[in-house]
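Only one structure is covered here, and it is reproduced in the block below.
Protein chains get the first letters and strands the later ones, always in sequence-line order, with residue 1 at the start of each.
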Amino acid sequence: MDYNFSEIEPKWQKYWREQHTYRCLNNSDKPHFYVLDMFPYPSGAGLHVGHPLGYIASDIFARYKRLRGFNVLHPMGYDAYGLPAEQYAIQTGQHPAITTEKNIARYREQLDKIGFSFDWEREVRTCDPKYYKWTQWTFIQLFNHYYDTEMDKAMPISHLVEKLEKGEISAVGDKPWKEMSDEERQDYLMNFRLAYLADIPVNWCPELGTVLANDEVVNGLSVRGGYPVERKLMRQWSLRITAYAQRLVDGLNEVEWTDSLKEIQRNWIGRSEGAAVWFPLAKSEATRPEEILMGQIETHEETSFEIFTTRPDTIFGVTFMVLCPEHEMIEQITTPEQREEVEAYVAWAKNRSERERQAEVKKVSGVFTGAFAVNPLTGERIPIWVSDYVLAGYGTGAIMAVPAHDSRDFAFARHFNLPIRQVVALDPHELSDPATWEESMDAKTGYSVNSGFVTGMKVKDAMAAVIDKIEEMGIGSRTVNYRLRDAIFSRQRYWGEPFPIYYKNNRPYTIPEECLPLLLPEVKDFKPTATGEPPLGHATVWAWDEQNRQVVETSKIDNKTVFPLELSTMPGFAGSSGYYLRYMDPRNDEAYFSKEAVEYWQNVDLYVGGAEHGTGHLIYARFWNKFLFDIGMSVKQEPFQKLVNQGMIQGRSNFVYRSKEDNNLFISKNIPGRAEKTVPIHVDINIVNNDILDIERFRQWRPEFANARFELEDQAMPGDNKAAAGRYVCGWEIEKMSKSMYNVQNPDDLVARYGADTLRLYEMFLGPVEQAKPWDTNGIEGVHRFLKKFCKLFDSLTDAPADKAQLKILHQTIKKITDDIERFSFNTAVSNFMICTNDLGGMKTVSKEVLDKLVVLLAPFAPHIAEELYHVLGHEGSVCQAEWPDYDPAMLVQDTFTYPVSFNGKMRLTLELPNGITQEEAVAAVKADTLAQKWLDGKEPKRIVFVPNKIINIVI
RNA sequence: GCGGAUAUGGCGUAAUUGGUAGCCGCGCUAGACUUAGGAUCUAGUGGCGAAAGCCGUAACGGUUCGAGUCCGUUUAUCCGCACCA
């Protein structure tokens with residue numbers, strides 16, 4: 001039978017739609033399985049071939065699981081809030097909702113053409129009020145909870161208030177709870193809420209007019225747009241994700257992710273163990289150690305400062321201290337003589353942009369404050385410096401500098417001529433003068449030297465001993481620090497979820513849950529307001545009437561009953577942090593998702609998506625889920641049990657070579673001397689086939705090429721790609737897939753040309769799903785040919801029972817394909833299909849009972865043709881309702897095995913032995929074999945190693 | 001700098017996990033059928049060699065009867081983090 005994909009594919013897509021073939025219900029006796037793709041942001045450019053790679057892989061797996069008898073949840077939706085739609089709105093005035101709607105329609109059309117088995121009845125869109133109602137709801141819960149370190153989980157803020165009221169805990173630092181005014185209490189509680197408002201240094205991007213999260217900034221530039229980002233102190237909402245740092249680290253042991261992704265997350269969370277130590281200030285007039293202030297250690301805050309170190313063992317090597325320029329004690333401790341210099345330095349450091357600072361990491365800068373601290377273990381006076389190599393955001397913003405064993409301290413000491421003292425050595429008997437060192441000795445190995453009571457100890461033991469001592473002295477403690485920062489949650493943008501927050505007397509209050517969703521208001525302008533407020537500042541109906549519980553005109557704000565609403569919106573990760581849970585029960589208006597739904601589905605069994613979300617979405621979603629777990633919503637600590645990262649698809653650009661002398665002349669790639677005579681120009685890959693340029697289409701491509709002339713290949717290059725005379729051969733290079741390089745491959749074109757099934761198979765055939773690879777259509781013909789050959793098998797269809805040879809092919813194929821799918825190796829699965837088809841193609845007739853099963857095997861990969869052939873075989877309904885075939889191990893048995901036998905690793909003997917023999921029988925066979933006898937020459941072999949089904953080794 | 005990974009024909013890749021390296025596909029070569037071929041089919045295709053054979057999985061070394069696979073050193077490429085004390 002002919003392979004007429006352009007007829008078959010629309011037909012079955014229509015059938016699936018009409019029959020609701022992929023509808024998935026929450027009640028089923030079948031075991032459940034949840035396969036999820038990272039939902040896409042619907043950009044204006046549409047899908048390119050990189051998007052469906054992961055979707056195809058997950059679709060194959062979902063279909064396979066269904067055939068295996070699972071109730072499979074396999075949904076799709078859109079991460080529809082985002083910057084591009086808003087930027088487009090600013091440029092054109094087009095409302096982002098309209099652009100987004102249009103893009104979604106285009107995405108849907110493209111996805112439908114590929115034949116995915118998504119249950120579209122469960123579609124979610126983050127910008128849909130029915131969806132973001134629950135994003136806002138979660139925010140309110142975060143606002144109303146704090147992290148109880150004792151119970152190690154989130155608890156209602158009322159629980160904390162209760163404890164404060166009963167006096168079970170006392171408010172630290174501030175006045176006692178009982179003496180606080182209501183507002184003071186609110187301000188105090190803000191320090192505990194999991195969603196909180198605070199003045200914090202943020203990544204401010206002036207070009208985008210908004211704040212960015214740490215993962216949205218790379219090298220001081222915004223990920224979107226590449227604009228400079230500066231540090232700025234702003235009042236922002238943040239999520240206290242740091243409270244979950246330890247659980248986020250621990251949870252990684254529970255999930256089946258790649259080591260590299262786990263490692264990326266561990267690095268991002270950056271757990272490090274060490275000690276916090278208080279260093280008292282030295283009295284400036286004191287000269288002898290015993291005079292130096294030691295008696296006031298209890299009153300830490302005024303006369304001491306706290307440092308964090310991961311190397312407490314090196315405390316005897318401290319020769320100076322360094323504070324970050326933002327440190328609050330600088331002003332207090334700086335001596336009058338140094339004041340001018342210090343102030344100038346601090347001002348300079350604060351004005352430096354993030355990009356400058358990062359670009360000049362190697363440059364050493366700093367200033368002496370004139371003040372001294374005391375090393376609490378040695379009583380030594382050590383100078384206090386200020387430098388921007390110490391960061392305000394990590395630890396305490398102050399360090400003890402051990403130049404001999406920290407490369408940054410070393411560089412600083414060398415630059416400012418500060419002493420360097422060795423306190424760790426690999427061999428304690430061989431010390432050298434650090435003045436001669438070229439670099440510091442940072443490794444945590446060897447022994448402590450010159451280190452008082454820990455001298456001679458191994459570094460590890462010394463660490464513990466020093467911490468014990470410090471704790472005993474009451475001047476510090478064992479501490480864990482995390483690199484992870486709280487997630488800034490405000491964005492000065494229009495196209496995002498509004499915060500369910502209004503301000504009374506400048507303090508935030510939440511909108512009652514019953515009033516959600518708080519709808520995104522209309523604005524006349526998507527840019528920030530003239531006064532620099534976010535775009536929502538333009539909204540005319542954006543105030544909260546507390547009594548009537550509704551949104552009213554902004555003009556009615558009187559701050560008595562009508563109050564201003566929050567003007568920022570939530571960031572992109574807000575909507576994507578819980579969407580996988582919403583899919584379980586997407587039409588529920590009473591709750592985020594029902595208890596029954598989440599108890600049925602539990603969590604995502606298989607999540608497929610790019611590794612680029614490793615430090616963004618995948619951290620936020622885990623945090624979000626853990627919080628929902630704490631408040632009794634989700635039932636699993638980890639949202640994504642198994643995660644597969646599909647590799648990025650790079651572009652493969654094609655080039656034509658334009659002559660330097662003659663703008664209309666293009667010289668083919670392999671013409672001798674071409675490189676010197678020409679300039680490469682990107683050419684649209686859609687008018688190039690297997691690197692051969694379609695000359696006519698090239699002339700039509702752009703007006704300036706209308707009169708192009710070509711110097712074509714001659715036949716001098718056999719073996720090279722079709723370098724026959726009369727062809728123009730293009731060059732190629734691997735680059736990022738982008739419009740400007742004309743290397744974007746649109747899946748629609750390939751579907752039109754080869755069909756969706758070919759596209760699906762080819763994307764899988766390209767290589768392992770996890771591997772990054774350039775897009776290249778050079779092999780797609782081969783895959784297409786396979787489908788044609790497969791259809792051809794049906795020409796020789798017979799009802800006669802299959803012979804042994806066919807059954808063997810069938811059962812081998814069932815085994816291989818099943819194994820391949822289970823280990824997510826779809827490229828080998830496609831290869832194995834080809835082998836099977838080639839083998840059966842050599843037969844005169846092919847039995848129906850064989851094809852019955854092969855069609856089911858093919859269904860996950862090429863669902864359209866599988867449906868068609870399923871009907872050709874006379875079945876009713878959809879192949880999706882078929883049963884995955886099992887293989888019969890007896891059919892895989894080989895008649896004989898070949899055992900190469902090596903003697904002393906040199907001689908080799910091959911014995912043909914019958915199958916199914918035991919080790920003893922195999923050994924006996926070797927001994928009985930005449931050739932083996934000859935080689936053994938009557939001697940007993942010392943050792944016969946028998947590896948089942950594989951080989952026998954004889955050692956004489 | 002730290003961390004993670006990868007390295008196999010002209011190309012994408014495979015190798016039952018330590019057992020005959022190169023399956024499958026592309027490309028290429030030759031042939032068949034064709035007015036034609038960018039259709040289809042057949043055969044061949046790691047390198048050197050006329051052949052027997054020798055060499056061959058980034059490089060060097062090790063373990064093993066046996067290494068693409070395990071261990072060590074080096075090199076190259078990709079990814080993540082990056083003054084995180």
For the pair made of OH in A/Tyr887 and P in B/U16, what is the distance, rounded to whole Å?
16 Å
Which is more 5' along RNA chain B, the nucleotide nearest A/Tyr389 or the one nearest A/Val783? Just name the residue.
A/Val783
Can you tell which of B/A15, B/A85, B/A39 lies closest to the side chain of A/Arg785?
B/A39
Whole-Å distance between B/C79 C1' and A/Leu261 CG?
11 Å
Distance flag, aromatic centroids of A/Tyr3 and A/His784, threshold under 6.0 Å:
yes
Looking at every strand, decide which applies to A/Leu391 at a 4.0 Å heavy-atom threshold: base, sugar-phosphate, or nothing.
base
Using a 6.0 Å cut-off, check whether atom CG of A/Asn253 has over 12 heavy atoms from anything other than its own residue.
yes
For A/Leu252 and B/G3, give me the distance from atom CG to atom C1', rounded to whole Å.
15 Å
May I ask you to check whether over 12 heavy atoms, not counting those of A/Glu439, lie within 6.0 Å of atom CD?
no
Does A/Arg421 make a cation-pi contact with A/Trp437, if we ask for NZ or CZ under 6.0 Å from the ring centre and within 45° of the axis?
no
Between B/U8 and B/C55, how many Å separate the two C1' atoms, rounded to a whole number?
16 Å
Pick the P atom in B/A67 and in B/A58, then give their distance to the nearest Å.
15 Å
Please report the distance separating the C1' of B/C33 from the corresponding atom of B/G37, rounded so that it comes out in whole Å.
12 Å
When all nucleic acid strands are considered with a 4.0 Å heavy-atom cut-off, which category describes A/Arg485: base, sugar-phosphate, or nothing?
base
Is there a side-chain contact between A/Asn4 and A/Ser6, using heavy atoms and a 4.5 Å cut-off?
yes
Does B/A85 have OP1 or OP2 under 4.0 Å away from a side-chain N or O of A/Tyr394?
yes
Rounding to a whole Å, what distance do you find between A/Tyr762:OH and B/G25:C1'?
9 Å
Under 4.0 Å between a side-chain N or O of A/Asn838 and OP1 or OP2 of B/G25?
yes
Which of these nucleotides, B/C24, B/C83, B/A85, is closest to any side-chain atom of A/Met834?
B/C24
Will you find, in the side chains of A/Thr828 and A/Ser825, an N or O donor that is under 3.5 Å from an N or O acceptor?
yes
What's the base orientation of B/G10: syn (chi within 90° of 0) or anti?
anti
Is any NZ, NE, NH1 or NH2 atom of the basic residue among A/Asp819 and A/Lys815 found under 4.0 Å from an Asp or Glu carboxylate oxygen of the other?
yes
Counting side-chain heavy atoms from CB outward, which of B/A85, B/A82, B/C83 is closest to A/Ser272?
B/A85
Polar side chain donor-acceptor pair, A/Ser407 to A/Asp442, under 3.5 angstrom:
yes
When you compare B/A59 with B/C11, how far apart are their P atoms, in angstrom units rounded to a whole number?
15 Å
Length of the line joining A/Met463:CE and B/A85:P, which is rounded to integer Å
11 Å
Please report, rounded to the nearest Å, how far the C1' atom of B/A5 is from the CD atom of A/Glu263.
11 Å
Do A/Asp694 and A/Tyr728 have side-chain N/O donor and acceptor atoms under 3.5 Å apart?
no
Quick check: are there more than 12 heavy atoms from other residues, nucleotides or ligands sitting under 6.0 Å from CE of A/Met843?
yes
Side-chain contact check for A/Lys788: nearest option of B/C81, B/U40, B/A85 is B/U40
Identify each atom pair where a protein N or O and an N or O of nucleotides 6-12 of chain B are less than 3.5 Å apart, giving names and distance.
residue: B/G12; atom: O2'; partner: A/Leu766; partner atom: O; Å: 2.5

As a test of reading the structure: which of B/C81, B/A14, B/A85 is closest to the side chain of A/Thr309, going by heavy atoms?
B/A85
Side chains of A/Thr242 and A/Asp486, donor plus acceptor under 3.5 Å
yes
Under 4.0 Å between any heavy atoms, over every strand shown, what does A/Asn827 touch: base, sugar-phosphate, or nothing? Just pick one.
sugar-phosphate
A/Trp268 side chain, from C-beta outward: closest of B/C81, B/G80, B/C26
B/C81
In whole Å, what is the span from the NZ atom of A/Lys444 to the C1' atom of B/C2?
12 Å
So what's the dot-bracket for RNA chain B: Watson-Crick or G-U pairs under 3.5 Å, [ ] if a pair crosses, | if it pairs off-strand?
(((((((..(((......[....)))((((((.......))))))(((....)))..(((((..]....))))))))))))....
Consider the side chain of A/Arg823, meaning its heavy atoms from C-beta on, and name the nucleotide among B/C81, B/A85, B/A15 that approaches it most closely.
B/A15
Check every strand shown and say whether A/Thr258 touches a base, only sugar-phosphate, or nothing at a heavy-atom separation below 4.0 Å.
nothing
Is the glycosidic torsion of B/U57 within 90° of 0, making it syn, or is it anti?
anti
Tell me whether the rings of A/His613 and A/His617 are parallel (<30°), tilted (30 to 60°) or perpendicular (>60°).
perpendicular
Has A/Arg266 got a side-chain N or O lying under 4.0 Å from the OP1 or OP2 atom of B/C81?
no
Can you figure out which of B/G80, B/A85, B/C83 approaches the side chain of A/Asn267 most closely?
B/G80
Is A/Glu273 atom CD crowded by more than 12 heavy atoms from other residues, nucleotides or ligands, each under 6.0 Å away?
no
Using the P atoms only, state how far B/A51 lies from B/U69, rounded to an integer number of Å.
31 Å
Heavy atoms under 4.0 Å, any strand shown: does A/Val390 hit a base, just sugar-phosphate, or nothing?
base
How far does the C1' atom of B/G25 sit from the matching atom of B/A36, given to the nearest Å?
27 Å
Between B/U34 and B/U40, how many Å separate the two C1' atoms, rounded to a whole number?
10 Å
NA contact type, A/Ile399, heavy-atom cut-off 4.0 Å: base, sugar-phosphate, or nothing?
base
For B/C60 and B/G9, measure between their P atoms and round to the nearest Å.
15 Å
Can you tell me the distance, in whole Å, between the CG atom of A/Asp820 and the C1' atom of B/U16?
11 Å
